[in-house]
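Reminder, nothing fancy here: chain letters follow the sequence lines and each chain counts from 1. This is a predicted model, so every value here is computed, not measured.
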Protein chains: 2
Amino acid sequence: MLSDRQQMILNAIVDNYIHSAEPVGSRTISKREDIGFSSATIRNEMSDLEELGYLEQPHTSAGRVPSTKGYRFYVDNLIQPHLLEEAELGKLKQLFAERILHSEQVVEYTAQILSQLTNYTAIVLGPEIFEHRLKHIQIVPLNETQAVAIVVTHTGRVENKLIDLPEGIGAGEIERLVNLLNGKLTDVPLWQLRQRLYQEISGEMQRHTEQYEEILQLLNNSLTQEEERVYLRGATKILNQPEFRDVDKVKDILELLEQHDQLLSVIGMQGDGLTVRIGQENQLDAIKQCSIITTSYSLGGKPVGMVGILGPTRMEYGKVITVLNHLAEGLSRMLTSQFEK
Amino acid sequence: MLSDRQQMILNAIVDNYIHSAEPVGSRTISKREDIGFSSATIRNEMSDLEELGYLEQPHTSAGRVPSTKGYRFYVDNLIQPHLLEEAELGKLKQLFAERILHSEQVVEYTAQILSQLTNYTAIVLGPEIFEHRLKHIQIVPLNETQAVAIVVTHTGRVENKLIDLPEGIGAGEIERLVNLLNGKLTDVPLWQLRQRLYQEISGEMQRHTEQYEEILQLLNNSLTQEEERVYLRGATKILNQPEFRDVDKVKDILELLEQHDQLLSVIGMQGDGLTVRIGQENQLDAIKQCSIITTSYSLGGKPVGMVGILGPTRMEYGKVITVLNHLAEGLSRMLTSQFEK
DNA sequence: ATTTAGCACTCGATAAGCATGAGTGCTAAC
DNA sequence: GTTAGCACTCATGCTTATCGAGTGCTAAAT
């Protein structure tokens with residue numbers, strides 16, 4: 001529906017604006033080598049593009065700026081594959097070369113690298129561990145009334161929680177309980193634990209109802225504490241953007257970034273594959289001036305976490321998408337290999 | 001060396017500036033009920049105070065602003081005890097009423113409350129665990145080559161690390177090793193662990209040199225990962241301050257706050273008791289426009305962590321100091337009681 | 001039928017000029 | 001020692017003028 005020339009011009013305008021942050025005028029475009037038309041022609045096309053809703057004019061005598069619709073078209077149709085530089089590729093490779101790291105640590109570094117490479121804010125959601133299988137449960141009594149319960153998954157993740165002990169329970173009894181749990185539940189995927197606990201063990205555990213509940217809760221917690229899986233890096237990068245040189249404009253954004261639970265609704269598992277949310281397309285008011293690009297990474301083909309970038313609508317979409325894809329792929333490969341061992 | 005009247009005036013100026021953020025003029029002071037002098041008199045005194053270095057003038061025809069030296073005198077001599085409101089006290093009580101929380105969690109909430117009550121940025125350094133005693137060591141093999149080592153302290157803290165297993169070690173052998181470690185090292189304070197490992201066990205562990213090293217490293221890590229003990233809340237509060245309405249002014253500060261390792265040098269164990277760093281007194285350039293108030297909290301009388309507040313030099317010193325003292329005391333009491341069980 | 005040169009027009013941004021007023025420093029009187 | 005009075009300073013805000021990047025439109029050129 002847009003002519004080739006219109007697409008070419010829209011592309012040129014978006015490209016230019018992404019790098020200059022200034023409204024783009026017709027002359028600027030006509031001077032580009034790949035465009036063989038006078039500024040007057042460009043002006044006419046720009047006028048049409050504005051009427052169609054792809055461009056906006058801050059004021060009458062200014063150049064044009066892409067609208068959300070304009071960016072959307074750019075992202076969906078015009079974006080050209082971006083090649084990473086040697087140094088950038090190197091950093092990525094290095095990240096995944098590290099051995100002997102918990103998956104959470106890898107994810108944390110991923111956020112760091114992501115922000116460094118793109119100069120935008122990185123938001124990463126650590127992997128779900130539903131699919132991980134139980135390797136070991138341990139209850140270590142600390143004194144007469146308290147103990148710490150520990151759950152180890154087959155991937156080496158360790159979750160722990162302080163629990164209250166019922167009155168007068170003995171060390172022997174705790175040991176028996178733990179042995180029972182380990183015997184019955186080892187190699188059970190975490191998402192089945194709840195159910196299996198009720199099904200198989202409740203009968204034998206009537207004496208231990210209290211710990212039973214506590215343990216259930218621990219398992220639950222280790223599965224549901226989503227805020228704790230959010231990694232944020234480079235939050236202040238937004239301050240480098242010329243369109244956010246005003247404290248009032250960034251305040252809401254930075255406050256949002258501080259609340260990890262809110263971030264979940266921004267980046268939380270919204271389906272697999274790459275998603276681009278541009279400006280107004282975002283639900284939260286605080287980031288209607290921003291774009292968010294996310295993609296999922298997976299474990300054995302099943303999406304378990306997200307990596308994402310938050311930047312101004314005027315974002316280097318091409319580069320960010322490339323980097324995100326690389327990282328998501330690397331993470332998936334790494335997790336999967338670790339998981340399968 | 002300052003006359004009573006000078007002190008009174010300095011006090012009035014600082015108080016006023018803290019709340020208004022505007023340079024304070026002589027008339028404003030003379031109008032205050034507790035001051036019975038004309039603006040001319042005040043002017044003369046202000047002129048003297050400026051000459052002595054306690055006040056500064058942004059420009060000739062503006063009011064006066066306290067200098068670092070002025071704040072220093074205010075903090076050291078003039079500050080009046082601040083009473084907390086019911087609601088504020090309530091929040092503090094509630095915080096320490098929570099049971100069954102890991103000390104780290106309490107510390108995290110502390111940071112939250114601190115920032116909420118003061119409207120400044122809270123920086124809290126979680127407790128050292130040198131003094132904690134070893135309760136349990138566990139090594140859970142995940143496959144032929146990897147295992148996860150877990151250390152539990154008598155306070156319920158759990159540290160874990162992925163380790164590589166030496167070729168061809170059997171489950172039985174691991175179990176023997178763990179039993180040996182538990183037998184010899186239970187109830188040993190963590191700071192002694194290193195030494196004790198070498199002294200008592202190295203002989204019997206010649207076969208296991210590799211894990212030996214790994215375990216040492218785990219212990220080391222759990223003792224030295226200081227960045228991970230830094231809790232930051234309310235970083236964006238600084239954006240509410242009128243003197244920081246300029247992005248360039250806040251950028252450096254926020255970037256500093258993002259780097260937890262740097263924060264350590266700001267808040268890190270700088271001796272026990274209350275410390276106030278005012279403006280220029282700070283080492284780091286980024287926060288020479290800020291003041292930092294810290295105090296330590298302790299375990300059985302020994303300082304083990306810090307709570308701190310970062311705000312503009314124009315800070316409500318009285319209130320912040322009161323809140324910090326309350327929190328540090330509460331934390332100390334809580335930790336100590338938990339420790340002693 | 002396109003494309004382009006030319007030109008009048010718009011409007012934000014910048015600078016200059018000016019009035020305002022908060023605040024000072026100084027002097028002389030109390 | 002204190003204060004009233006007054007001239008002086010300087011940031012702030014307002015108005016006006018200038019500048020120039022960029023547009024839209026028209027008419028000529030292709």
Side-chain angles (χ1 to χ4, degrees), chain A residues 2-10 12-17 19-67 70 242-243 245-246 249, chain B residues 2-10 12-17 19-67 70 242-243 245-246 249:
Chain A
L2 286 186
S3 72
D4 280 0
R5 194 169 69 185
Q6 283 176 321
Q7 298 198 14
M8 193 169 81
I9 290 171
L10 179 55
I13 291 174
V14 174
D15 266 358
N16 226 284
Y17 185 62
H19 291 107
S20 72
E22 298 286 331
V24 184
S26 54
R27 235 173 83 80
T28 315
I29 299 300
S30 79
K31 270 191 290 191
R32 281 177 56 139
E33 291 177 3
D34 51 340
I35 310 258
F37 299 96
S38 77
S39 64
T41 311
I42 307 290
R43 263 202 299 286
N44 290 330
E45 294 285 27
M46 280 167 102
S47 184
D48 291 350
L49 282 169
E50 181 172 5
E51 206 160 331
L52 291 167
Y54 294 95
L55 296 178
E56 279 166 2
Q57 217 173 357
H59 54 87
T60 329
S61 68
R64 302 302 208 294
V65 163
S67 66
E243 55 264 67
R245 298 215 55 75
D246 179 9
K249 289 222 183 90
Chain B
L2 286 187
S3 72
D4 280 0
R5 193 168 72 183
Q6 284 177 318
Q7 297 198 14
M8 194 169 82
I9 290 170
L10 178 54
I13 292 173
V14 174
D15 265 358
N16 224 286
Y17 185 63
H19 292 107
S20 73
E22 298 287 331
V24 185
S26 54
R27 234 172 86 77
T28 316
I29 299 299
S30 78
K31 269 191 292 190
R32 279 177 56 140
E33 292 176 4
D34 51 340
I35 309 255
F37 300 96
S38 77
S39 65
T41 309
I42 308 290
R43 263 203 299 286
N44 290 330
E45 294 284 28
M46 280 167 103
S47 184
D48 291 350
L49 282 169
E50 180 171 3
E51 206 160 330
L52 291 167
Y54 294 95
L55 296 178
E56 278 165 3
Q57 217 173 358
H59 54 88
T60 327
S61 68
R64 302 300 208 293
V65 162
S67 67
E243 55 263 66
R245 300 213 53 75
D246 179 10
K249 289 221 182 91

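- Legend: residues meeting side chain to side chain donor-acceptor pair (under 3.5 Å) with B:S38, ordered by chain and number and at least two apart, are B:T41.
- Put simply, the side chain of B:L2 reaches to within 4.5 Å of the side chain of B:L49, judged on heavy atoms.
- The stretch residues 51-66 of chain A comes close to DNA chain D through A:Q57, A:T60, A:S61, A:A62, A:G63, A:R64, each having a heavy atom under 4.0 Å from the strand.
- Within 6.0 Å of the CZ atom in A:R27, the count of heavy atoms belonging to other residues, nucleotides or ligands does not exceed 12.
- Atom CD1 of A:I42 is separated from atom C1' of D:dT23 by 14 Å (rounded to the nearest Å).
- Taking atom NZ of residue B:K31 and atom C1' of nucleotide C:dG23, one finds them 12 Å apart after rounding to whole Å.
- Checked against A:S26 for a side chain to side chain donor-acceptor pair (under 3.5 Å), the options A:R64, A:R43, A:E45 give a single hit: A:R43.
- For the pair B:F37 CZ and D:dA4 C1', the computed distance is 17 Å after rounding to whole Å.
- The shortest distance between the side-chain N/O atoms of B:T41 and the OP1/OP2 oxygens of D:dG1 is not below 4.0 Å.
- At whole-Å resolution of the value, OH in B:Y17 and P in C:dG23 are 14 Å apart.
- Of the candidates D:dT3, D:dG24, C:dA5, the closest approach to any side-chain atom of A:R43 belongs to D:dG24.
- For A:I29 and D:dT23, the CD1 to C1' distance is 15 Å, given to the nearest whole Å.
- If you take CD of A:E45 and C1' of D:dT23, they are 16 Å apart, rounded to a whole angstrom.
- In this structure the side chain of B:V24 never reaches within 4.5 angstrom of the side chain of B:V14, judged on heavy atoms.
- When side chains are defined from C-beta on, A:Y54 does not count as touching A:I13, because their heavy atoms never get closer than 4.5 Å.
- In this structure, CE of B:M46 is placed 17 Å from C1' of D:dT2, rounded to the nearest angstrom.
- With rounding to whole Å, B:N44 atom CG is found 14 Å from C:dG23 atom C1'.
- Remark: A:D34 CG is packed, more than 12 non-hydrogen atoms of other residues, nucleotides or ligands lying under 6.0 Å away.
- The side chain of B:S26 approaches C:dT24 more closely than any other nucleotide in the set D:dG24, C:dT3, C:dT24.
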